[in-house]
Amino acid sequence: MIINSLTLQNLRNHTFTEIKLGDKLNVIYGLNGSGKTTILEAISITSISKSFLPVSDATIINFNEQYFSILAKGTNDLLLPYFCGVKYNAGKRKIINNSYGDSLTPKDIIGEIPVIILSPDFKNITFGAPQDRRQFIDTILSQSSKAYMEDLFELKKCLKQRNNMLGKYQKEGVLDKMQFEIWTEMLIKTAAEIMYRRQLFIREFIPFFEQAYNEVSSGIEKVSLKYLPYHFPELNEKDIQNKEYFMEINRKIYDDLKFAELKRGLTLFGPQKDEIAININNSAAKETASQGQHKSLLISLKFAEFEFLKKIRNETPIILFDDIFSELDSSRSNHTLELILNKNAQSIITITENSYIKQIVPQKLNTKYFKVNSGIVEVVE
Amino acid sequence: MIYTSQAIEKVVEYFSSLPSIGRKSAQRLTYHLLKQSPEFVEGFAVSLNELKQYVKYCSKCFNYTETDPCPICSSQKRDNTVICVVEDPNDVMALEKTNGFFGLYHVLHGVLNPLDGISYEDIKIKELIARLSGIEEIILALNPSIEGEVTSQYIAKIIKPLDIKVTKIASGVPVGSSLEFSDELTLTRALEGRVVL
């Protein structure tokens with residue numbers, strides 16, 4: 001997919017901006033707070049229906065206005081035209097249209113414009129809590145399977161209901177035992193479904209990750225991913241072939257934790273406690289990796305996501321890198337940029353300093369430069 | 001907003017408290033009523049009064065009725081060995097329209113939902129168990145939400161030991177639509193519920 005033109009209205013400090021993007025590398029530069037990231041956010045909204053930053057839709061409307069609207073026009077890998085428009089009026093439902101229909105829901109457009117987003121905020125994938133890693137794989141999996149998305153939704157509901165019953169028992173000492181058992185059975189079934197898919201996904205994803213890490217760091221270290229469901233014994237080849245195995249183990253774990261759950265008034269098992277370990281030379285990256293290795297890991301995860309999405313969706317994703325070069329030293333930046341160019345995809349990167357990128361990108365590569373100043377974008381020749 | 005009459009405001013309040021009616025629709029309805037003849041409004045008010053006065057629960061199936069037991073429960077033509085369990089009186093109407101079910105009904109008036117504080121005592125499960133003598137089959141026709149599913153299993157767990165057949169309606173591809181327009185979850189369910197030919 002390539003976005004040819006992007007129009008944004010009343011998004012943060014952009015009152016009206018129209019950009020014609022290039023097919024290859026696009027560099028957006030300007031001072032802090034000038035509105036560079038907003039352009040990436042706009043693409044994110046037309047792709048995954050929301051900003052990649054943890055903000056609500058209402059807060060990104062220009063503060064003098066009541067609404068924002070975005071229109072992205074592009075061409076997909078089959079050279080067919082595609083457009084997606086999103087309009088949001090404060091307090092109302094988002095109005096989403098694309099080439100295939102009007103007044104769509106976010107679910108309908110997710111994945112139509114596949115994007116790979118990297119921003120300094122995403123450091124937590126390798127650094128932070130297991131939740132950040134779960135979110136990372138859930139985002140990819142949801143784009144590849146709607147059934148998985150529904151299962152996640154069901155899990156959330158199950159947990160809420162079950163926790164409510166447990167909480168009530170803790171406070172008031174009452175529990176409808178029979179109903180509780182049925183909710184438990186429901187949770188075990190949904191949990192098995194999600195865990196089964198997660199481990200399948202991770203096994204599929206590992207080769208992509210290994211290769212990407214090799215490219216990013218010229219491969220001295222060996223990296224791997226490991227799926228560690230909470231309280232499970234070591235997974236081996238034979239067991240993970242069927243969902244029944246996951247149901248069986250979950251049932252056993254529930255038996256062990258039954259009383260602890262009643263005492264704490266909380267569900268203590270399930271995929272909401274899964275960990276996905278990132279290992280480097282067979283030890284946990286979270287604890288042993290250096291700052292530089294963390295950065296390489298993060299970039300490789302994103303490049304692996306690129307290749308994976310490209311394969312399953314049969315459409316080249318767009319690369320959006322927000323201000324990551326400020327975090328990398330010059331040789332790493334050089335190398336990352338080279339890798340981006342090798343992907344032969346449309347990429348849009350933001351940077352505070354222009355002169356630096358001009359050094360490393362030869363002019364003949366059709367790179368397009370945009371200078372942003374207080375929400376006004378101009379093309380720089 | 002300032003209304004020029006308290007009477008108007010009151011009616012608007014009442015209308016907008018109804019399901020799927022917002023303030024704007026409530027206003028439109030109220031002004032529409034104002035334009036009608038006094039006889040019409042009188043008739044409307046009387047019929048509303050009668051609704052609460054005459055309509056009550058059937059003591060057997062807990063559907064709404066004016067006569068107790070309701071026409072379905074007292075009918076000689078119905079098969080009184082089969083009970084179809086539904087969530088809501090609306091569902092009885094939907095099933096009756098099919099003209100394909102001739103058993104009796106039982107309306108639960110809700111499903112188990114711990115979050116909303118709806119438990120075993122709040123819905124008509126006890127009443128269902130009380131009328132099981134002489135019944136050969138219970139058909140569970142609850143909505144395919146998680147709560148509906150849990151309620152179905154709950155009832156099945158109670159009734160199965162009594163040696164009564166418990167069945168659940170199938171879920172899958174709607175008639176008149178085609179496979180390609182069905183979502184993944186519906187298709188998965190349809191595959192699970194496939195039948196041998």
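A note on names: the letters A, B, ... follow the listed sequences, proteins ahead of strands, and every chain is numbered from 1.
More than 12 heavy-atom neighbours from other residues, nucleotides or ligands sit within 6.0 angstrom of CD on A:Glu65. Within 6.0 Å of NZ in B:Lys56 there are more than 12 heavy atoms belonging to other residues, nucleotides or ligands. By the neighbour-count criterion of 12 heavy atoms within 6.0 Å, atom NZ of A:Lys189 is sparsely surrounded, having that number or fewer from other residues, nucleotides or ligands. In the displayed structure, B:Gln36 atom CD is contacted under 6.0 Å by more than 12 heavy atoms of other residues, nucleotides or ligands. No more than 12 heavy atoms of other residues, nucleotides or ligands sit less than 6.0 Å from atom CG of B:Asp163. The number of heavy-atom neighbours closer than 6.0 Å to NZ of B:Lys124, taken from other residues, nucleotides and ligands shown, is above 12. Within a 6.0 Å sphere centred on CD of B:Gln53, other residues, nucleotides and ligands contribute more than 12 heavy atoms.
Here B:Tyr154 contributes atom OH and A:Ile182 contributes atom CD1; the two are 7.5 Å apart, rounded to the nearest 0.5 Å. Between B:Ile146 atom CD1 and A:Lys157 atom NZ the span is 5.5 Å, to the nearest 0.5 Å.
With a 4.5 angstrom heavy-atom cutoff, A:Glu154 touches chain B via backbone and side-chain atoms both. Contacts of B:Leu187 with chain A are absent, with no heavy-atom separation under 4.5 Å from either backbone or side chain. The parts of A:Met178 that come within reach of chain B are both its backbone and its side chain, each placing non-hydrogen atoms under 4.5 angstrom from that chain.
Chain A forms more heavy-atom pairs under 4.5 Å with one residue of B:Asn113, B:Ile158, B:Asp116 than with any other, namely B:Asn113. For the set B:Leu112, B:Thr188, B:Val150, the count of heavy-atom pairs under 4.5 angstrom toward chain A peaks at B:Val150.
Side chains of A:Trp183 and B:Gln153 form no contact here, defined as non-hydrogen atoms less than 4.5 Å apart.
Evaluated for a side-chain contact (heavy atoms from CB on, under 4.5 Å) with B:Pro114, the options A:Arg162, A:Gln179, A:Lys168 yield exactly one hit, A:Gln179.
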